[in-house]
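What you are looking at is a predicted structure, and each value in this text was computed from that prediction instead of being measured.
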Amino acid sequence: MSDFKAYDVFQEISRRIREDPALAKKIKAVFAFKITDGPGGKSASWLADLKSATPSVSMGEGKADCTIKMKDADFLKMMTGQLDAQKAFFKGQLKISGNMALATKLKELQPKGPPKSKL
């Protein structure tokens, strides 16, 4: 699934929570991401567990506090600050289920400064 644009975003999130475990403790939630319209029209899912003692990001589905559904290209734009999440939500580009208030904490996971991976 490394051909998805979102793949690099999840690699960066994983790197950031490994280097700064306090980041996960600040968020304290499990997020499911359903990414659609990837290469060849494929879909993929990731689970970011920022609640457990060992926070992690993995491919696949699972029980989540908040589920985010977006197109691959839109997710990349949102997480790199090129697409405003609130505008995306009201335009229907961002769909949220579960605890919607937790979705605002995703901003904490956006890169601050130049990315260390190939975002």
Side-chain angles (χ1 to χ4, degrees):
M1 294 296 170
S2 62
D3 48 345
F4 275 78
K5 293 174 182 169
Y7 178 83
D8 290 330
V9 173
F10 293 113
Q11 291 295 103
E12 179 71 7
I13 292 170
S14 183
R15 182 196 62 76
R16 290 189 64 218
I17 61 174
R18 265 193 325 273
E19 290 179 5
D20 183 8
L23 180 62
K25 287 181 181 153
K26 187 189 289 189
I27 297 171
K28 289 187 212 163
V30 177
F31 292 94
F33 296 91
K34 296 182 180 196
I35 306 299
T36 63
D37 289 350
K42 291 188 275 181
S43 295
S45 297
W46 278 267
L47 193 68
D49 182 351
L50 307 177
K51 200 185 237 182
S52 70
T54 54
S56 64
V57 178
S58 59
M59 289 206 68
E61 298 181 15
K63 188 169 175 4
D65 302 309
C66 179
T67 301
I68 305 292
K69 184 176 181 182
M70 281 188 99
K71 290 181 180 178
D72 192 29
D74 291 340
F75 182 72
L76 177 65
K77 287 178 188 172
M78 182 182 76
M79 292 305 287
T80 56
Q82 299 170 29
L83 176 64
D84 180 79
Q86 190 173 22
K87 287 179 184 173
F89 179 78
F90 286 113
K91 285 179 159 181
Q93 294 170 292
L94 165 62
K95 294 184 171 96
I96 303 167
S97 58
N99 187 336
M100 292 180 81
L102 289 174
T104 61
K105 293 185 175 190
L106 285 177
K107 190 167 183 105
E108 295 289 330
L109 297 176
Q110 287 180 311
K112 299 192 181 3
K116 293 185 180 175
S117 68
K118 57 179 181 170
L119 285 180

Nearest heavy atoms of Arg16 and Gln110, plus distance in Å: NH1-O, 3.0 Å
Those residues that, when tested against Asp72, pass side chain to side chain donor-acceptor pair (under 3.5 Å) (two or more places apart): none
Plane angle bin for Phe10 and Phe75 - parallel if under 30°, tilted between 30 and 60°, otherwise perpendicular: parallel
From NZ (Lys77) to CG (Asp84), nearest 0.5 Å: 13.5 Å
Over all atoms of both residues, closest heavy-atom pair of Ser43 and Phe4: C-CZ, 3.7 Å
Side chain to side chain, Leu106 and Phe33, heavy atoms closer than 4.5 Å: yes
Contact summary for Lys71 and Ile35, nearest pair of heavy atoms: C-CG2, 4.3 Å
All ring pair (Phe, Tyr, Trp, His ring centres under 6.0 Å) counterparts of Phe31, not counting sequence neighbours: none
Connected via hydrophobic side-chain network under 4.5 Å: Met59 and Val30: no
Interatomic spacing from OG1 in Thr80 to CE in Met78 - rounded to 0.5 Å: 9.5 Å
Under 3.5 Å: donor-acceptor pair, side chain of Lys105, backbone of Ile27: yes
Contact check, side chains of Val57 and Leu47, non-hydrogen atoms, under 4.5 Å: no
Verify same cluster id: Leu102, Ile68 (apolar side-chain graph, 4.5 Å): yes
Over all atoms of both residues, closest heavy-atom pair of Ala64 and Thr67: CB-OG1, 4.2 Å
Residue Gln86 excluded, over 12 heavy atoms near CD under 6.0 Å: no
Nearest heavy-atom neighbours spanning Leu23 and Glu108: CD1-O, 3.7 Å
Euclidean distance, Ile96 CD1 relative to Thr104 OG1, rounded to 0.5 Å: 9.0 Å
Test side-chain contact (heavy atoms from CB on, under 4.5 Å) applied to Met70 and Leu76, Thr36, Leu94, the passing residue: Leu94
Gap between atom CG of Asp74 and atom NZ of Lys5 - 0.5 Å precision: 9.5 Å
Heavy-atom closest pair, residues Cys66 and Asn99: SG-O, 3.5 Å
